[in-house]
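Remarks on the structure that follows.
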Protein chains: 2
Amino acid sequence: MSELTAVAVSVSPADKFREYLTTRGMRLTPERKSVVEEVFSSHEHFDSDQLVDRLSSQKEGKRVSRATVYRTLNEMVEAGLLRKVARSQNRDVYEHDYGYPRHDHLICGKCGSLTEFENAPLAGILEQVATQLGFRVSGHRLEVYGMCAACSRPPRARHRKLDMI
Amino acid sequence: MSELTAVAVSVSPADKFREYLTTRGMRLTPERKSVVEEVFSSHEHFDSDQLVDRLSSQKEGKRVSRATVYRTLNEMVEAGLLRKVARSQNRDVYEHDYGYPRHDHLICGKCGSLTEFENAPLAGILEQVATQLGFRVSGHRLEVYGMCAACSRPPRARHRKLDMI
DNA sequence: GTTATTGCAAACCATTTGCAAGTGT
DNA sequence: ACACTTGCAAATGGTTTGCAATAAC
């Protein structure tokens, strides 16, 4: 078993961030560390405001100013740790882009739930289309709108066809 | 040949808008008419600012205040005439949603330009994925990010130096 | 020391809104 | 008269930025 592999998968978001910061002559300060750790403590989507709240309710000196949160989030996007996934209620929404597989979303118009899915052929199609138009792809965002399984199901027991005869 | 068909396709955006406005007890004022007509005078994507400019440079009394442009654009989205297609340079970008085929976009991260494309297999894939997850699709939004042909080209190549000798 | 970084408050900026004056019926 | 509209200017609200104080190297 390769040690390299073990090492590769064990690079924490904070380490990955430090790596990126170093190449830009920047440091992984306590504030930035707090932000990265808080962000990667849960896989939920979030916006800047929610993150500031979560950082405010921390025990001790973990508080980080709103300005620094914004600045750090931008750096994390640049570093490939986060991705702006959508705009909801006039706010940027982020999700993990590191240690998490690429995926797209089914968005239920009724209950608002997000369902993630992966589809390999998709990327191929996009690449092909883009190439034809001389466009260099760096990423994409795909949101499929409709109604999720739960919301499609009638609230009560389903009507069995036989009952209708 | 059916007259009904002829009538159906001849409904102008302005008429469609008036129809919608009427159902809400609103009127197709000269200002609103100017906006609709300017918007549908070209198939290009546009943002509010560009539209205000276009309306300002009109000959006579066609000028419409910024506030009214914003208000009217929102109504047109509600009426199904326009669609907010993306956010570019921190601005909402609109495109025709009436009398125009469905398509997706390549978005250049450098110059912000939008390129449209149509791809039939795409819808099939989405339908298939969704079905597997019990999701009923009603629509989607796909934005492909990257760099457009013009921006990928080295700066020199853009203006041909030979012409300047 | 020098350079990066933080927090605060102010600035930004696209979009929205309150309101008084105007317009069509 | 009445209800809808407009344009102006002011407000909103998420995000960015200038700057002086602070911390890491």
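The model shown is predicted, which means the values in this text are computed figures rather than measured ones.
Contact annotation: Arg63(A) reaches the phosphate of dC8(C) (side-chain N/O to OP1 or OP2, under 4.0 Å). Regarding contacts with the backbone of dG7(C), a side-chain N or O of Thr68(A) is found under 4.0 angstrom from either OP1 or OP2. Thr29(A) has a side-chain polar atom (N or O) that falls below the 4.0 Å cut-off from OP1 or OP2 of dT6(C).
Between Tyr100(B) and His103(B), the two ring planes are perpendicular [angle over 60°; tilted spans 30° to 60°]. The aromatic rings of Phe40(B) and Tyr98(B) sit perpendicular to each other, their planes meeting at more than 60°, with 30° as the lower class boundary.
For the pair Phe17(B) CZ and dT5(D) C1', the interatomic distance rounds to 13 Å; values are reported in whole Å. The separation between Met26(A) atom CE and dA23(D) atom P is 19 Å, rounded to whole Å. Whole-Å rounding puts the Leu21(A) CG to dT3(C) P distance at 19 Å. In this structure, CG of Leu28(B) is placed 15 Å from C1' of dT23(C), rounded to the nearest angstrom. Rounded to whole Å, the distance from CZ on Arg27(B) to C1' on dT6(D) is 12 Å. Rounded to whole Å, atom C1' of dT6(D) lies 18 Å from atom NZ of Lys33(B).
Around CZ of Arg83(A), the count of heavy atoms belonging to other residues, nucleotides or ligands within 6.0 Å exceeds 12.
With sequence neighbours left out, Lys33(A) forms a salt bridge (charged side-chain N to carboxylate O under 4.0 Å, His left out) with Glu37(A).
Of all nucleotides listed (dC8(D), dG7(C), dT5(C)), dG7(C) comes nearest to the side chain of Val64(A).
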Atom pairs under 3.5 Å, N or O on each side, protein against nucleotides 13-18 of chain C: can you list them with distances?
unit_1, atom_1, unit_2, atom_2, d
dA14(C), OP1, Arg91(B), NH2, 3.2
dT15(C), OP1, Asp92(B), N, 2.8
dT15(C), OP1, Asp92(B), OD2, 3.4
dT15(C), OP2, Ser48(B), OG, 3.4
dT15(C), OP2, Tyr70(B), OH, 2.7
dT16(C), OP2, Asn74(B), ND2, 3.3

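The pair Arg66(A)-Asp53(A) fails the salt-bridge criterion, with no side-chain N (NZ, NE, NH1 or NH2) lying under 4.0 Å from an Asp/Glu carboxylate O.
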Enumerate donor-acceptor pairs with a distance under 3.5 Å from any side-chain N or O in residues 137-150 of chain A to protein atoms, sequence neighbours excluded.
unit_1, atom_1, unit_2, atom_2, d
Ser138(A), OG, Tyr145(B), O, 3.4
His140(A), NE2, Asp104(A), OD1, 2.9
His140(A), NE2, Asp104(A), OD2, 3.3
Arg141(A), NE, Val85(A), O, 3.4
Arg141(A), NE, Glu143(A), OE2, 3.4
Arg141(A), NH1, Val85(A), O, 3.2
Glu143(A), OE1, Tyr145(A), OH, 2.6

